[in-house]
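Below you'll find the structure, written out as structure tokens, and then a few comments.
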There are 2 protein chains.
Amino acid sequence: MLKLSTKGQYGVRAMYEIAKGFGSGPVTIKRISEEQHVSIAYLEQILNKLRRAGIIKSVKGPGGGYILSRDPKQITIGEILNELEGPVAITSCLDPKEGCVRVDSCVTHLLWKALGDNIKRFLDGMKLQDLLQGDQRVAAASKNGSAGKRGVAGQREGR
Amino acid sequence: MLKLSTKGQYGVRAMYEIAKGFGSGPVTIKRISEEQHVSIAYLEQILNKLRRAGIIKSVKGPGGGYILSRDPKQITIGEILNELEGPVAITSCLDPKEGCVRVDSCVTHLLWKALGDNIKRFLDGMKLQDLLQGDQRVAAASKNGSAGKRGVAGQREGR
DNA sequence: TAAATACTTGACAGAAACAGTCGGTTATTA
DNA sequence: TAATAACCGACTGTTTCTGTCAAGTATTTA
Ligand code: FES
Ligand code: FES
């Protein structure tokens with residue numbers, strides 16, 4: 001249950017690849033395709049969305065490719081997924097686009113809201129930079145719970 | 001993103017309804033249908049799964065219905081959803097039924113694992129009893145993060 | 001034992017979401 | 001102008017979801 005679509009998964013992997021090249025010129029779609037084993041056609045769809053959202057920029061022509069709009073420290077997994085799959089919404093009732101009339105009498109509303117908030121907090125606390133740093137922070141979050149501002153021992157000094 | 005299917009949602013609502021009748025005889029499917037606005041036919045499907053899993057028991061004939069197999073304090077939301085939608089598996093790679101060969105070289109594996117563990121911890125920490133008690137504990141979890149053993153201030157003394 | 005109640009089971013089907021492809025276009029550089 | 005690389009929309013097969021339906025079984029009460 002609660003599966004992420006491939007768009008979201010590939011999107012994060014693609015962003016990781018672009019982040020790897022941060023500071024050293026654009027990364028081509030072809031490169032990403034080879035490194036992450038995702039078809040070029042599919043990646044185009046994904047990267048277009050992210051570009052329109054302003055998270056990455058593109059450079060056309062030879063030597064072109066994609067670059068991050070911001071520092072990897074300032075791009076969260078949450079915002080990537082948000083663009084590709086919409087906001088976290090455990091139920092339709094929690095979806096901003098839908099909403100629900102019976103909120104007050106609903107016994108589970110708060111439950112799903114709490115879960116959704118939890119997930120959101122996790123995803124928004126996780127940065128592209130954390131992926132680049134070989135997952136130490138991620139691993140810590142696994143034991144700890146949310147990756148929120150409380151932080152993790154040893155976070156500041158990545159290496 | 002990360003939407004729960006209606007089976008899972010209705011399942012929890014149905015369990016809540018059965019839990020309400022805990023100690024005072026079986027609750028009919030008809031009753032649940034009316035209280036929670038879900039069709040009888042659909043509920044049958046859902047309750048059958050839960051019964052086969054041993055979470056609830058059924059009593060046939062007039063005066064029959066469904067009853068909890070255990071105390072509401074001992075039934076978690078996690079196990080209900082687990083039966084109805086399978087285990088938490090953010091990606092196919094994390095799904096016990098599927099698995100992945102490329103785990104080691106995968107940059108996002110740990111990330112999704114951490115998220116999944118987080119969710120699981122939340123769901124397993126949340127009991128049917130918490131729903132019955134008007135959501136105080138749930139509300140607390142919303143601000144706090146995981147509903148795990150670390151607990152929430154004032155948890156012990158529910159009321 | 002007959003009637004009423006209530007759960008049991010498996011099959012089925014329309015709708016929606018997913019996963020991915022394809023053909024053609026535009027912009028940049030050398 | 002030729003090569004490179006991003007851009008764009010439409011399209012399609014597959015899977016999952018969200019239910020419905022019909023027929024059957026078990027239990028109680030009159
Ligand atoms: S039914 Fe809409 S909030 Fe629960
Ligand atoms: S590709 Fe299987 S673990 Fe990431």
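Position along DNA chain D of the nearest nucleotide to Val59(B) versus Glu44(B) favours Glu44(B) as the more 5'-ward residue. If you find the closest nucleotide of DNA chain C to Ile40(A) and to Pro62(A), the one lying nearer the 5' end belongs to Ile40(A).
No donor-acceptor contact under 3.5 angstrom links the side chains of Tyr42(B) and Ser33(B), judged on distance only. For the 3.5 Å distance criterion, the side chains of Glu85(B) and Ser5(B) qualify, holding a donor opposite an acceptor.
In the set dT20(D), dA19(C), dC8(D), the nucleotide with an atom closest to the side chain of Tyr42(A) is dA19(C). Comparing dT9(C), dA19(C), dA6(D) by their nearest atom to the side chain of Thr28(A) picks out dA6(D). The side chain of Lys60(A) lies closest to dT26(C), out of dG20(C), dT26(C), dC8(D). Closest contact between the side chain of Ile29(A) and the listed nucleotides dT21(C), dA6(D), dG19(D) involves dA6(D).
Using a 4.0 Å cut-off, no side-chain N or O of Tyr10(A) falls inside it from OP1 or OP2 of dC18(C). For Ser58(B) and dC7(C), the shortest distance from a side-chain N or O to OP1 or OP2 is not below 4.0 Å. Of the side-chain N and O atoms in Arg51(A), one or more sit less than 4.0 angstrom from OP1 or OP2 of dC7(D). One finds no side-chain N or O of Arg52(A) lying less than 4.0 angstrom from the OP1 or OP2 phosphate oxygen of dC7(D). For the pair Thr6(B) and dC17(D), the criterion of a side-chain N or O lying under 4.0 Å from OP1 or OP2 is not met. Between Ser5(A) and dA19(C) there is a side-chain polar atom (N or O) within less than 4.0 angstrom of OP1 or OP2.
Using modelled atom types, no side-chain atom of Thr76(B) and backbone atom of Gly125(B) make a donor-acceptor pair closer than 3.5 Å.
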Given side-chain contact (heavy atoms from CB on, under 4.5 Å), test Met15(B) with Leu128(B) step by step and report yes or no. CA-CA 8 Å; Met15(B) 286 298 286; Leu128(B) 224 39; 4.0 Å; yes
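With rounding to whole Å, Asp95(B) atom CG is found 14 Å from dT16(D) atom C1'. Counting to the nearest Å, the C1' atom of dT18(D) and the CZ atom of Arg13(B) are 14 Å from each other. If you measure from atom NZ of Lys3(B) to atom C1' of dT15(D), you get 18 Å, rounded to the nearest angstrom. If you measure from atom NZ of Lys7(A) to atom P of dA17(C), you get 12 Å, rounded to the nearest angstrom. Atom pair Met1(B):CE and dC18(C):P shows a separation of 12 Å (rounding to whole Å applied). dC7(D) atom P lies 13 Å from atom NZ of Lys57(A), rounded to whole Å. In this structure, NZ of Lys49(B) is placed 12 Å from P of dT18(D), rounded to the nearest angstrom. If you take CG of Leu47(B) and C1' of dT9(C), they are 14 Å apart, rounded to a whole angstrom.
More than 12 non-hydrogen atoms from other residues, nucleotides or ligands lie less than 6.0 angstrom from CZ of Arg51(A).
You'll find a donor-acceptor pair under 3.5 Å spanning the side chain of Gln45(A) and the base of dT21(C), going by distance alone.
Side-chain contact between Lys20(B) and Leu132(B): present, with at least one pair of heavy atoms (C-beta onward) separated by less than 4.5 Å.
Across all strands, Lys30(B) comes closer than 4.0 Å to no nucleic acid atom at all (heavy-atom distances).
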